[in-house]
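Before any comments, here is the structure.
Letters go in sequence order (proteins before strands), and every chain restarts at 1. Hydrogens, waters and symmetry mates are skipped; everything else that's a heavy atom, side chains included, is used. Note that this is a predicted model, so its numbers are computed, not measured.
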Amino acid sequence: MGSLYSEHLTWLHRWPAGAKLACMALLGTLLFLFNELWLLAAAGLACALLWCSLGPATHKVRRLIRSVLVAAALVAGFHLWLGRPDVAAVSALRLACASTLGVALTVTTRPTDLLLVLDALLAPLARLGLRPERLSLQLALMLRFTEHFFVQWQKLDEAHRLRTGRPGGLRLIAPLTVQMLQAAQRVADALYARLGG
Amino acid sequence: MPPAADAPADAASPWLELRQVHLRRGGSQVFAGLSLHLAEERIGLIGHNGAGKTSLLRLLCALEAPQGGQVLSQGQDLHVLPAGQLRAQRVGMMFQNPDDQIIFPTVQEELGLSLQPQGLSRREALARARAFLAERGLADWAERAVGTLSQGQRQQLCWLALLLAGPRTLLLDEPYASLDLPGQARLADDITACGRQVLVSTHVLGPVRDYPRVIWLHEGRVRGDGPGREVCAAYEAAVAAEVAHARSAARPELRAVA
């Protein structure tokens, strides 16, 4: 149930979620349309400035962006090894810029506001008989279960360590599956009772 | 002749009624012909683990369908009522573990889900949820992440979500089980102040002792049914006798081991 949204307000918090999402989509697409190194270097510089302008709001995601930069460095290293320094620079810059844009959106936009944009975009589907609110409920359930999965895994692993002195590893898959199925049944029961079936 | 699902609710009928309900789960018979009229504003449900308290609540909110008999809400079969708003407005349930029912990451979104059966848009639902919190002096809860709430606060959130959904009858399954003493007192006060019918299944007898009616279930049958004070006292006496019997039965074995 965690969120990367930062309560530390920045200038980007004041932008409407829809505008931010549209900008990210547009800039993200442009990053992949151009191959000129100077353009991507300028984008990299702009992203670095964007990151710095967000100040302490980026605190929660520093580890995340660090792993993205490590991944970008590995990709660059692979291309350098193949003797393509131009491709190395372009790929690394694209990955780093796209991730920075995504992170900027995530830390400055509440999940609720993003879901509202999603609802507005999906609203025309209601004419086809689909129910947009059910789609966003499914999205919320997916996010919730992803986190629940890791929390349960960690709990089982801790119990296994305590009782055997060794990490559980793949032995935990069966009990984890059983627990996840039971949790899914309980959540389904709660939704049934709350939404009237 | 049972009334049809689309027949108007009968105001003279008890809010909830079980007629000759048979429920079998796996190889065991949970209820064999259980009949109950549940008309009082506050009803406590007590008994040992496995006595059928949770099964009864699950029947009353249509999560469980009986193999025989009927579960009626104002004369209408709850299991034949169309799913959605109509059923959600009759009966709502708060589960024992808040984490099994909280879906959304923030308080206002979680409360907003309760308004979904009424067909409100997300924006309207969030606005109503915020207003609902503000009325209770909890305006600052709206944006709070559910993960940052304590166990007692998560339970309170589930209670608020149930109130906001506004069903006629609220079913609470072991609501006191994971609350500290101040939390128990607050929930008991909230229940007292709530203007709806409330059924509480509990092992904590204090809050239901003053209820006009407490039902003591034992192995799927009603063993006591009456004013809270009398039924709770009878249950406590029976438990004391059981414990004394078990201890005296265990003593010869202990002597033999020694």
* **Over 12 foreign heavy atoms within 6.0 Å of NE2, A/His59** => no

* To do: Indicate the atoms forming the closest heavy-atom contact of B/Arg123 with A/Leu116, along with that distance.
  => N-CD2, 4.0 Å

* Asked: chain A heavy atoms under 4.5 Å from B/Gln96: which part of the residue, side chain, backbone, both or neither?
  -> neither

* Counting distance only, does the side-chain N/O of A/Arg110 pair as donor-acceptor with the main-chain N or O of B/Thr106 below 3.5 Å? -> no

* Asked: Crowded around A/Trp153 CH2? As in, over 12 foreign heavy atoms under 6.0 Å?
  -> yes

* Is it the side chain or the backbone of B/Leu113 that comes within 4.5 Å of chain A heavy atoms, both, or neither? -> both

* Rounded to the nearest 0.5 Å, what's the gap from CG on A/Leu191 to CD on B/Gln116? Could you check? => 9.0 Å

* Structure fact -> Shortest non-hydrogen pair, A/Arg194 vs B/Gln101, comes out as NH1-O, 3.0 Å

* To do: For residues A/Asp189 and B/Asp100, determine if any side-chain heavy atom of one lies less than 4.5 Å from a side-chain heavy atom of the other.
  => no

* Structure fact -> Looking only at B/Gln108, B/Glu143, B/Arg58, B/Met94, most heavy-atom pairs under 4.5 Å shared with chain A are made by B/Glu143

* Asked: Taking everything shown except A/Trp11 itself, do over 12 heavy atoms lie less than 6.0 Å from its CH2?
  -> yes

* Quick check: does any side chain N or O of A/Tyr192 sit under 3.5 Å from a backbone N or O of B/Cys61, one acting as donor and the other as acceptor? -> no

* **Verdict with reasoning, B/Asp99 to A/Arg186, per salt bridge (charged side-chain N to carboxylate O under 4.0 Å, His left out)** => CA-CA 10 Å; B/Asp99 294 332; A/Arg186 287 193 300 268; over 6 Å; no

* Count the heavy atoms belonging to other residues, nucleotides or ligands that lie under 6.0 Å from CZ of A/Arg84, then report whether that count exceeds 12. => no

* Enclosure of A/Leu128 CG (heavy-atom neighbours >12, cutoff 6.0 Å) -> yes

